[in-house]
Amino acid sequence: QVQLVESGGGLVQPGGSLRLSCAASGSTFRINAVAWYRRAPGKERESVATITSSGRTNYEDSVKGRFTISRDSAKNTMYLQMNSLKPEDTAVYYCFIGGTYVGSPVQLNYWGQGTQVTVSS
């Protein structure tokens with residue numbers, strides 16, 4: 001079972017920055033997709049940023065140029081660097097990984113516990 005532990009959320013003023021981290025356990029799990037999602041109050045969960053199996057990054061339009069997703073495979077950790085934060089970025093942020101266990105073709109998905117990001121003056 002893969003465990004994801006998120007950290008880095010908090011309260012920040014508009015224009016500020018935060019970096020979210022998501023550490024994954026499980027050395028036999030081969031990750032082929034990583035992503036960050038968020039759920040704002042009263043809204044559906046949405047994808048914020050992804051890294052595909054080919055290494056391509058994709059971003060939701062409202063965060064392009066402000067957020068950067070990255071991954072450190074050696075540390076089994078993924079990050080979301082968030083700059084120029086706006087009040088509308090306020091949400092619970094979730095990390096996501098997809099992959100397979102060594103020797104198995106079954107694709108499995110795992111979610112972090114969520115971390116609150118609040119942008120307010």
Side-chain angles (χ1 to χ4, degrees):
Q1 181 81 2
V2 174
Q3 301 284 339
L4 300 180
V5 179
E6 296 185 40
S7 61
L11 174 64
V12 63
Q13 292 186 343
S17 298
L18 284 174
R19 188 176 82 154
L20 305 183
S21 300
C22 178
S25 64
S27 61
T28 61
F29 190 73
R30 297 294 178 257
I31 297 171
N32 55 37
V34 298
W36 287 94
Y37 286 74
R38 67 185 179 187
R39 176 175 285 160
K43 294 186 177 181
E44 296 291 320
R45 184 172 59 191
E46 65 175 354
S47 173
V48 175
T50 62
I51 303 177
T52 68
S53 56
S54 63
R56 180 174 180 173
T57 57
N58 296 295
Y59 297 93
E60 194 271 329
D61 285 346
S62 69
V63 307
K64 284 180 180 177
R66 301 189 297 121
F67 290 12
T68 302
I69 186 173
S70 61
R71 176 187 170 189
D72 185 334
S73 297
K75 296 181 178 180
N76 264 0
T77 302
M78 56 191 286
Y79 306 95
L80 185 67
Q81 178 66 44
M82 304 185 293
N83 299 327
S84 302
L85 282 161
K86 304 175 180 179
E88 51 264 42
D89 294 318
T90 295
V92 178
Y93 284 72
Y94 299 89
C95 59
F96 164 91
I97 64 168
T100 60
Y101 283 98
V102 173
S104 171
V106 180
Q107 178 76 13
L108 297 173
N109 301 323
Y110 294 95
W111 294 88
Q113 81 277 14
T115 187
Q116 177 70 46
V117 171
T118 302
V119 185
S120 175
S121 55

| query | Should I97 and Y94 be regarded as members of a common hydrophobic cluster, given that ILVMFWY residues are connected when their side-chain heavy atoms come within less than 4.5 Å of each other, either directly or indirectly? | reply | no

| task | Show the numbers, then the answer: is there a side chain to side chain contact (heavy atoms under 4.5 Å, CB included) between S7 and L20? | result | CA-CA 6 Å; S7 61; L20 305 183; over 6 Å; no

| field | Main-chain N/O of V2 paired with S25 side-chain donor or acceptor, under 3.5 Å | value | no

| query | Are K86 and D89 close enough, and set up right, to give a salt bridge (Lys or Arg N to Asp or Glu O under 4.0 Å), and what steps lead you there? | reply | CA-CA 5 Å; K86 304 175 180 179; D89 294 318; over 6 Å; no

| field | Pair F29 and Y101, ring centroids less than 6.0 Å apart | value | yes

| Distance, nearest 0.5 Å, that separates CZ of R66 from CD of Q81 | 12.0 Å

| query | Can you check whether P87 reaches S120 side chain to side chain, under 4.5 Å on heavy atoms? | reply | no

| field | Heavy-atom check, side chain of L85 versus side chain of L18, under 4.5 Å | value | yes

| query | Would you call T90 and Q116 a side-chain contact if the rule is heavy atoms closer than 4.5 Å? | reply | yes

| Which atom names give the shortest non-hydrogen contact between K75 and T77, and what distance separates them? | O-OG1, 2.9 Å

| query | Do W36 and F67 have ring centres separated by under 6.0 Å? | reply | no

| message | Under 4.5 Å between side-chain heavy atoms, counting indirect links through other Ile/Leu/Val/Met/Phe/Trp/Tyr residues: same cluster for I69 and Y110 or not? | response | yes

| query | Mind checking whether Y93 and V12 sit in one hydrophobic cluster, side chains of I, L, V, M, F, W, Y counted as touching below 4.5 Å? | reply | yes

| note | Correct closest heavy-atom pair for T100 and Q107 would be CG2-OE1, 3.8 Å

| Donor-acceptor pair, side chain of S54 and main chain of T52, under 3.5 angstrom | no

| Where V48 and L80 come nearest, the two heavy atoms and their spacing | CG1-CD2, 4.4 Å

| Backbone N/O of V92 and side chain of R39: donor-acceptor pair under 3.5 Å | no

| task | Output the distance between atom NZ (K64) and atom CG (N58), rounded to the nearest 0.5 Å. | result | 8.0 Å

| message | Taking the cut-offs as 6.0 angstrom to the six-membered ring centre and 45 degrees off its axis, would you call R19 and Y79 a cation-pi pair? | response | yes

| task | Give the minimum heavy-atom separation between R38 and S62, together with the two atoms involved. | result | NH2-OG, 3.3 Å

| message | Measuring from atom OG of S121 to atom CG of L11, what distance do you get when rounded to the nearest 0.5 angstrom? | response | 9.5 Å

| Are I51 and L108 grouped together when hydrophobic residues (ILVMFWY) are joined by side-chain heavy atoms under 4.5 angstrom apart? | yes

| query | Would you say the side-chain atoms of N83 and S17 include a donor-acceptor pair closer than 3.5 Å? | reply | yes

| task | Check step by step if side chain to side chain contact (heavy atoms under 4.5 Å, CB included) holds for T68 and Y59. | result | CA-CA 8 Å; T68 302; Y59 297 93; 3.8 Å; yes

| task | Assess whether side chain to side chain contact (heavy atoms under 4.5 Å, CB included) is satisfied between Q13 and V119, documenting all intermediate values. | result | CA-CA 5 Å; Q13 292 186 343; V119 185; over 6 Å; no

| Any donor and acceptor pair, going by atom type alone, linking the side chain of E6 with main-chain N or O of C95 inside 3.5 Å? | yes

| query | With no hydrogens and no angle check, do the side chains of R45 and Y37 hold a donor and an acceptor under 3.5 Å apart? | reply | no

